[in-house]
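Residue numbers start from 1 in every chain, and the chains themselves are labelled A, B, ... in the order their sequence lines are given, proteins ahead of strands. Keep in mind it's a predicted model, so treat the numbers as computed, not measured.
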Amino acid sequence: EAGVAQSPRYKIIEKRQSVAFWCNPISGHATLYWYQQILGQGPKLLIQFQNNGVVDDSQLPKDRFSAERLKGVDSTLKIQPAKLEDSAVYLCASSQQPSFNEKLFFGSGTQLSVL
Amino acid sequence: DAKTTQPPSMDCAEGRAANLPCNHSTISGNEYVYWYRQIHSQGPQYIIHGLKNNETNEMASLIITEDRKSSTLILPHATLRDTAVYYCIASLDQFYFGTGTSLTVIP
């Protein structure tokens, strides 16, 4: 079974530039999550999708971050414009359903460095 | 989601059992206890979860106290590959990670 795919693996940009990350969840998984992990901290949930609808985006900085999940499969997370404090690993995860008793499967993440 | 409290770090001798505690005193009756681990430079990996009863799988055992206010993850025979950050989450359907416990397995 193929896992959660993310690209790119690494990205270096200057502050005020834009950047986008892509995620392809496990086939058939309805729920998709984006997390931000700053060095030394646990992953922070940014947004949760159920199919192509947003379930929770309460921690997404909406002035600069946006995410979409077209057709309920792939997802992109965009930052525009980037700030120094956005340097982090961006993790995508998926699960079959959003409800309890489900396990999350994570991708390897995209490491973003903002200079 | 209930707040969880874990020790920031622990050591364990290779071959010994690693017992990782988690406090979740405000857990509600329908929230599950999940454990994930994260090896350096990788995404978190699911280990085990449970509601009330103790659980065991090929990776670990989960012991939940009768009042459900705390739990212990047991790695029965720790290896060097078990060195990782271990996260305990008490949740119904959303997964908020804390800072976890950094486990170091010592040769």
Side-chain angles (χ1 to χ4, degrees), chain A residues 1-7 9-10 21 23-26 29-50 53-60 88-113, chain B residues 1-9 20 22 24 27-53 55-60 62 64 68 73 84-104:
Chain A
E1 173 182 82
V4 176
Q6 290 190 245
S7 68
R9 187 73 176 91
Y10 303 94
F21 314 123
C23 173
N24 185 13
I26 293 173
H29 279 195
T31 309
L32 186 146
Y33 311 76
W34 282 102
Y35 286 85
Q36 178 194 58
Q37 187 170 25
I38 294 172
L39 187 64
Q41 300 181 15
K44 172 188 171 184
L45 178 65
L46 292 177
I47 189 167
Q48 177 181 342
F49 290 96
Q50 166 67 7
V54 175
V55 173
D56 179 7
D57 63 356
S58 58
Q59 299 192 94
L60 186 73
V89 175
Y90 291 84
L91 295 160
C92 179
S94 69
S95 65
Q96 288 188 324
Q97 295 294 336
S99 63
F100 56 89
N101 207 18
E102 280 291 335
K103 25 178 145 170
L104 267 61
F105 295 85
F106 282 83
S108 296
T110 296
Q111 184 170 329
L112 173 68
S113 297
Chain B
D1 290 3
K3 178 179 171 58
T4 60
T5 304
Q6 300 178 252
S9 63
L20 291 90
C22 180
H24 32 79
I27 194 169
S28 65
N30 55 359
E31 287 182 318
Y32 281 73
V33 178
Y34 296 84
W35 283 83
Y36 285 78
R37 74 178 183 185
Q38 187 172 25
I39 295 169
H40 183 63
S41 297
Q42 297 181 20
Q45 175 193 25
Y46 167 85
I47 302 173
I48 198 168
H49 74 286
L51 183 62
K52 294 181 181 178
N53 300 320
E55 301 287 345
T56 295
N57 63 20
E58 65 278 5
M59 291 181 68
L62 173 60
I64 303 173
R68 301 206 333 117
L73 178 75
V85 177
Y86 288 77
Y87 297 99
C88 168
I89 302 169
S91 172
L92 180 60
D93 59 359
Q94 292 177 315
F95 297 88
Y96 295 99
F97 288 76
T99 52
T101 295
S102 178
L103 175 69
T104 301

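- Only the side chain of A:Q37 has a heavy atom closer than 4.5 Å to any heavy atom of chain B.
- The stretch residues 39-46 of chain B places B:S41, B:G43, B:P44, B:Y46 near chain A, each with some heavy atom under 4.5 Å from a heavy atom of that chain.
- A:K103 NZ to B:I48 CD1: the interatomic distance, rounded to the nearest 0.5 Å, is 10.0 Å.
- Listed by chain and residue number, B:F97 satisfy the ring-ring contact (aromatic ring centres under 6.0 Å, His included) test with B:Y87 (two or more places apart in sequence, or in another chain).
- By the side-chain hydrogen bond (donor to acceptor under 3.5 Å, both in side chains) test, A:Q6 pairs with no residue at all, sequence neighbours left out.
- Considering all non-hydrogen atoms of both residues, B:F95 and A:Y35 come closest at O-OH, 2.7 Å.
- For a residue to count as touching a neighbouring chain, one of its non-hydrogen atoms must lie under 4.5 Å from one of that chain's; by this rule A:L104 touches chain B with backbone and side chain alike.
- Looking at residues two or more places apart in sequence or on another chain, you find a side-chain contact (heavy atoms from CB on, under 4.5 Å) between B:T56 and B:S61.
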